[in-house]
Amino acid sequence: MSSIIDLFSGGPERDAARARSEDIDRGIAEQRRQFDLTRDDFQPSVDRGNAAGQREADFLGLNGADAEQAALDSFIESPGQAFLRKRAERSLLRNNAAIGGLGGGNVRRELSEQAIGISAGQLSERKNRLAGVARGGDFATATRAGIGSNISGRISGMFGERGAVRESGILGAANTQRNSLMSVAR
């Protein structure tokens, strides 16, 4: 008897709409889960990009004179710079020793000019590398935002689909009831 009542009251339509709605909910949950994984996958690139952008801004003086000075001091005292200075000094001193000119002011001037030239080139290279890493972080952020936008659009579509399915079930049940009543009334 309850099967007949269900049939006349639109039970199958409601059951179908409920099942479809549950499937859509599972699809939404999976898309959100995948987006969370994608965000986690991109996070290291975003973090590196943010750190490089901050350091780049320090070098450019965008965070104030103290931050700029700290960035320059850190660069000057870096192991790479110390290595290059020592290598250049040793090379210049050996060359001047070979030609017998170690004692004069020319050697000191050459050492100073050589150190300035090496540091300027290395500083420029460092800034370019920081800019590249910062742009990589920007790209990762933009990519992640694009994926998020795409997923949110799909989820919104699924919510709309779920609403349409529920509406279809409600209307189907109402039409079944109406048709049943009409046939009884005749």
Side-chain angles (χ1 to χ4, degrees), residues 1-64 66-68 70-72 74-75 78-80 122-186:
M1 183 79 159
S2 71
S3 298
I4 294 171
I5 293 171
D6 266 358
L7 181 62
F8 285 114
S9 65
E13 288 87 351
R14 274 196 303 270
D15 292 344
R18 189 175 302 118
R20 180 68 183 132
S21 183
E22 289 169 1
D23 288 343
I24 290 169
D25 286 343
R26 280 192 288 279
I28 290 168
E30 177 59 18
Q31 289 201 28
R32 287 182 172 152
R33 186 186 76 80
Q34 284 296 324
F35 180 62
D36 289 342
L37 291 173
T38 300
R39 284 181 58 87
D40 291 346
D41 289 344
F42 276 104
Q43 195 59 49
S45 294
V46 170
D47 291 343
R48 278 191 303 274
N50 288 341
Q54 180 67 34
R55 190 69 164 168
E56 180 184 26
D58 290 347
F59 271 114
L60 297 174
L62 299 176
N63 295 322
D66 290 342
E68 181 180 12
L72 290 171
S74 174
F75 170 75
S78 69
Q122 291 296 311
L123 181 59
S124 178
E125 183 182 326
R126 171 78 55 99
K127 287 178 183 177
N128 287 337
R129 286 185 301 192
L130 283 171
V133 172
R135 297 310 80 78
D138 291 345
F139 178 75
T141 300
T143 300
R144 189 167 70 172
I147 291 168
S149 176
N150 184 325
I151 288 175
S152 67
R154 290 195 315 236
I155 288 173
S156 293
M158 291 174 120
F159 278 130
E161 184 181 346
R162 183 171 63 184
V165 166
R166 293 175 88 190
E167 174 187 30
S168 173
I170 292 167
L171 292 176
N175 285 335
T176 300
Q177 288 174 355
R178 187 177 303 117
N179 290 338
S180 297
L181 289 174
M182 293 297 282
S183 72
V184 169
R186 287 187 192 156

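Values reported hereafter were calculated over all heavy atoms of this structure, with side chains retained and with hydrogens, waters and symmetry mates removed. As the structure is a computational prediction, the values presented were derived from the model and not from experiment.
In plain terms, the two heavy atoms of Ala57 and Asn63 that are nearest each other are CB-ND2, 3.4 Å. Scanning all heavy atoms of the two residues, the minimum distance from Ala134 to Ala52 falls at N-CB, 3.7 Å. Summarising the geometry of Ser78 relative to Arg126, their closest heavy-atom pair is OG-NH2, 4.0 Å, with the distance given to 0.1 Å. The shortest heavy-atom contact between Arg144 and Gln43 is NH1-OE1, 2.6 Å.
Asn50 has its side chain out of reach of Gln54: every pair of non-hydrogen atoms, C-beta onward, lies at least 4.5 Å apart. A heavy-atom distance below 4.5 Å is found between the side chains of Phe42 and Ile147. Here the side chains of Leu72 and Glu68 are in contact, with some heavy-atom distance below 4.5 Å. Side-chain atoms of Arg154 and Ile151, non-hydrogen and from C-beta on, do get closer than 4.5 Å to each other.
Side-chain atoms of Ser149 do not come within 3.5 Å of backbone N or O of Ala145 as any donor-acceptor pair. Between the side chain of Thr143 and the backbone N or O of Phe139, at least one donor-acceptor pair lies under 3.5 Å.
Checked against side-chain hydrogen bond (donor to acceptor under 3.5 Å, both in side chains), Glu30 has the following partners two or more places apart in sequence or in another chain: Arg33, Gln34. Remark: Glu161 engages Arg20 in a salt bridge (Lys or Arg N to Asp or Glu O under 4.0 Å) (not counting sequence neighbours).
To the nearest 0.5 angstrom, Arg39 atom CZ is 12.0 Å from Leu37 atom CG.
Each salt bridge (Lys or Arg N to Asp or Glu O under 4.0 Å) pair with one or both residues in residues 40-63, not counting sequence neighbours, appears once here: Glu56-Arg135.
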